[in-house]
Amino acid sequence: MKLPMVSVLERQVIDFLGYQWAPILTNFLHIIVVILGLFGTIQFRPRYVTGYAAWLVVWMTWNVFIICFYLEVGDLSRDSDLVLTFNLSMHRSWWMENGPGCRVTPISPPPSWAPEDHRYISISGCLMDFQFIEVAHSSLQILLALMGFIYACYVVKLISEEEDSFDFIGGFDSYGYQGPQKTSHLQLQPMYMSK
């Protein structure tokens with residue numbers, strides 16, 4: 001559970017730097033659910049682990065959506081501000097400007113129609129396009145979620161088997177309940193009193 005947590009924390013930081021609000025919220029929910037899944041595993045709570053497994057299905061679906069978004073499958077367009085930023089900012093993936101080998105050059109003078117609070121840049125020399133880095137991140141999350149799902153199913157199975165085999169004070173033993181054996185020098189003997 002350490003690798004998925006480290007991976008999602010790294011992704012959370014990158015999404016914060018890019019002001020991508022939808023991924024920030026889903027990453028935050030994922031962190032909470034991973035903690036609950038870990039708690040459920042440690043405390044032998046199958047409902048928590050089952051909830052974690054169910055969330056992982058949603059998490060994998062979200063990451064498939066992110067992959068489709070960045071690869072522009074169907075009508076999805078990565079130039080849309082509405083999907084990942086809720087149209088609150090014009091920011092994009094942090095990797096767009098800070099990818100491996102990317103050189104950022106400010107465009108001066110900025111276009112006359114441009115708002116003053118925006119920076120206009122030209123990006124060149126990237127070793128890998130930002131969308132492929134985002135796809136790689138989401139693919140890693142899917143792989144980790146798949147392994148986590150298999151692990152969660154295994155843990156629920158183990159917890160359920162342990163609950164089924166739990167012996168309530170010998171109630172399910174085939175040999176029946178036998179009280180504790182007393183040693184002969186501690187055994188009580190009946191005592192008769194006369195008037």
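Any value given below was found using the heavy atoms of this structure, including those in side chains, with hydrogens, waters and symmetry copies removed.
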Do [X] and [Y] come close enough that some side-chain heavy atom pair is under 4.5 Å?
| X | Y | result |
| --- | --- | --- |
| Val49 | Arg45 | no |
| Phe65 | Tyr70 | no |
| Asn63 | Met60 | no |
| Ile66 | Gln141 | no |

_Quick check on side-chain contact (heavy atoms from CB on, under 4.5 Å): which of Leu144, Asn27, Leu140, Thr26 does Val8 satisfy it with?_
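For Val8, the side-chain contact (heavy atoms from CB on, under 4.5 Å) check succeeds only for Asn27.
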*Other than Phe39, which residues form its hydrophobic cluster under the rule that side-chain heavy atoms must be closer than 4.5 Å?*
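For the cluster that includes Phe39, the remaining residues are Phe28, Ile32, Leu36, Tyr48.
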*asked:* Run the side chain to side chain donor-acceptor pair (under 3.5 Å) test against Thr50 and tell me which residues pass, sequence neighbours left out.
replied: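 Thr50 satisfies side chain to side chain donor-acceptor pair (under 3.5 Å) with no residue once adjacent residues are dropped.
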*Please identify each residue that fulfils side chain to side chain donor-acceptor pair (under 3.5 Å) with Trp55, with sequence neighbours left out.*
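Listed in chain order: His30.
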Which heavy atom of [X] sits nearest a heavy atom of [Y], and at what distance?
| X | Y | answer |
| --- | --- | --- |
| His137 | Arg11 | O-NH1, 4.4 Å |
| Pro23 | Asp15 | CB-OD2, 3.1 Å |
| Ala152 | Tyr52 | CB-CD2, 3.8 Å |
| Trp59 | Ala145 | CD1-CB, 3.8 Å |
| Ala22 | Trp62 | CB-CH2, 4.0 Å |

*Mind checking what makes side chain to side chain contact (heavy atoms under 4.5 Å, CB included) contact with Ile67, not counting sequence neighbours?*
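Per chain and number, Ile67 pairs via side chain to side chain contact (heavy atoms under 4.5 Å, CB included) with Leu71, Val135, Ser138, Ser139, Ile142.
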Identify all side-chain donor-acceptor contacts of residues 125-134 below 3.5 Å with residues at least two apart in sequence or on another chain.
unit_1	atom_1	unit_2	atom_2	d
Glu134	OE2	Ser93	OG	2.5

*Is the backbone of Val156 close enough, under 3.5 Å, to the side chain of Ser160 for a donor and an acceptor to pair up by distance?*
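Yes, the answer is positive, given that a donor and an acceptor are paired below the 3.5 Å cut-off.
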*asked:* Can you list everything that forms a ring pair (Phe, Tyr, Trp, His ring centres under 6.0 Å) with Trp94? Sequence neighbours excluded, please.
replied: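 Result, ring pair (Phe, Tyr, Trp, His ring centres under 6.0 Å) vs Trp94: none returned.
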